[in-house]
Amino acid sequence: MIAAATTATGLLVQSGLRTLAKLITTILVAAAAPGCSGVQSALAPSGRDADRIATLFWWMTGASALVWLFVIALAVYYARRPERGRNPRRDRALILGGGVAFPTVVITVLLVYGLAMIPETVARAPEGSLRVAVTGEQWWWRVKYFRPGGEEVVLANEIRLPVGEPTEFRLDSDNVIHAFWIPPLAGKMDMIPGRITYLTVRPTRTGIFRGACAEYCGTSHALMAFFVEVMEKDAFDRWLAHQATPAVPASDPLARRGADLFLSSGCGACHTVRGTPTPGQIGPDLTHVGGRLSLGAGILENRPDQFRAWLASTTHIKPGVHMPAFGMLLDPDLQALAAYLHALK
Ligand code: CUA
């Protein structure tokens with residue numbers, strides 16, 4: 001009986017040590033992987049709230065590792081302890097102390113530490129802060145900036161923010177639940193149909209970051225991303241002022257032909273290019289699409305050949321997308337359209 005129990009404990013210890021080895025390997029691989037050091041890592045914080053969340057993560061990970069090591073050490077000690085040293089009263093005290101009191105204290109401390117962060121993390125931005133409305137679409141982001149004078153500037157799939165200042169996002173959706181998440185800058189927030197949620201972001205350094213949808217929302221959920229550029233305040237103001245202007249008419253002949261095709265092919269039924277007779281509201285605003293950091297909601301580079309590929313095979317690149325593929329257009333027409341869109345800086 002005792003021999004069987006000792007063998008079982010030995011197996012438990014072995015399996016525990018294997019789990020530890022796997023955990024350490026996973027943490028090392030994750031830390032070395034591009035995803036954890038690059039533009040979309042919650043462990044490389046560049047915003048106030050992301051910084052707090054990362055600190056909480058490390059405290060939780062550290063505390064869990066210590067508790068785990070302590071428990072495994074006790075298991076090893078008792079598995080190898082000679083029979084004559086046993087003392088039932090001390091064993092009971094150890095079980096109550098180590099199995100009830102110790103975890104209760106550790107979990108309570110971590111819980112209080114985590115809960116204490118919530119009020120500031122969910123607080124609304126101060127009066128006068130920059131406000132941006134983002135609507136989750138399948139599978140892209142409708143973005144609307146509110147300028148200080150009250151003017152609205154509509155764009156899509158791209159966000160730029162001034163460094164060192166709070167920006168309040170007003171989030172919603174009219175289709176399914178999405179979640180707005182820029183891991184290096186802040187926590188995530190659900191975008192729920194029929195409800196408005198708020199998220200305040202306070203970037204602490206300039207740079208380009210990648211955000212993503214963090215709630216499964218259909219076929220192309222994994223292809224619903226965006227880039228965020230955190231800029232100095234002056235550069236940001238210039239950028240936003242430019243976004244508010246209508247599109248500059250195409251100058252080179254290829255792009256001009258593309259502009260004509262854009263109108264004659266009916267693109268304006270779904271898209272708006274401000275300054276042209278295109279009233280479409282269903283798809284992304286394209287007024288300055290050529291100046292964005294990506295195409296197709298964070299999945300393609302902003303290059304003429306990528307525009308062409310997107311136009312010809314939207315449904316292949318982003319399965320389930322509402323925009324039909326325009327593969328029926330001849331290649332020179334696709335190139336003209338791509339040149340026009342790429343020139344919309
Ligand atoms: Cu939108 Cu997942």
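Positions are given from 1, in the same order as the sequence printed here. Each ligand, and each atom within it, is numbered from 1 in the order the structure gives. Please read these numbers as outputs of a predicted model, since none were measured by experiment.
Close placement of the Y145 and W239 rings is indicated, their centers lying within 6.0 Å of each other. Here Y340 and F307 keep their ring centres 6.0 angstrom or further from each other. For F180 and F169, the gap between ring centers is short of 6.0 Å.
Judged by distance alone, the side chains of N302 and H342 do bring a donor and an acceptor atom under 3.5 Å apart.
When each of Q243, H271, R274 is checked for a side-chain contact (heavy atoms from CB on, under 4.5 Å) with D285, only R274 meets the rule.
If you look at H221 and ask which of its N, O or S atoms sits nearest atom 2 (Cu) of ligand 1, the answer is ND1. The nearest N/O/S atom of H178 to atom 1 (Cu) of ligand 1 is ND1. As for E215, its N/O/S atom nearest atom 2 (Cu) of ligand 1 is the one called O.
Atom 1 (Cu) of ligand 1 has C213 among its coordinating residues (N/O/S atom, backbone or side chain, under 2.8 Å). Taking 2.8 Å as the threshold, M191 does not count as a candidate ligand of atom 1 (Cu) of ligand 1, since none of its N, O or S atoms lies below it.
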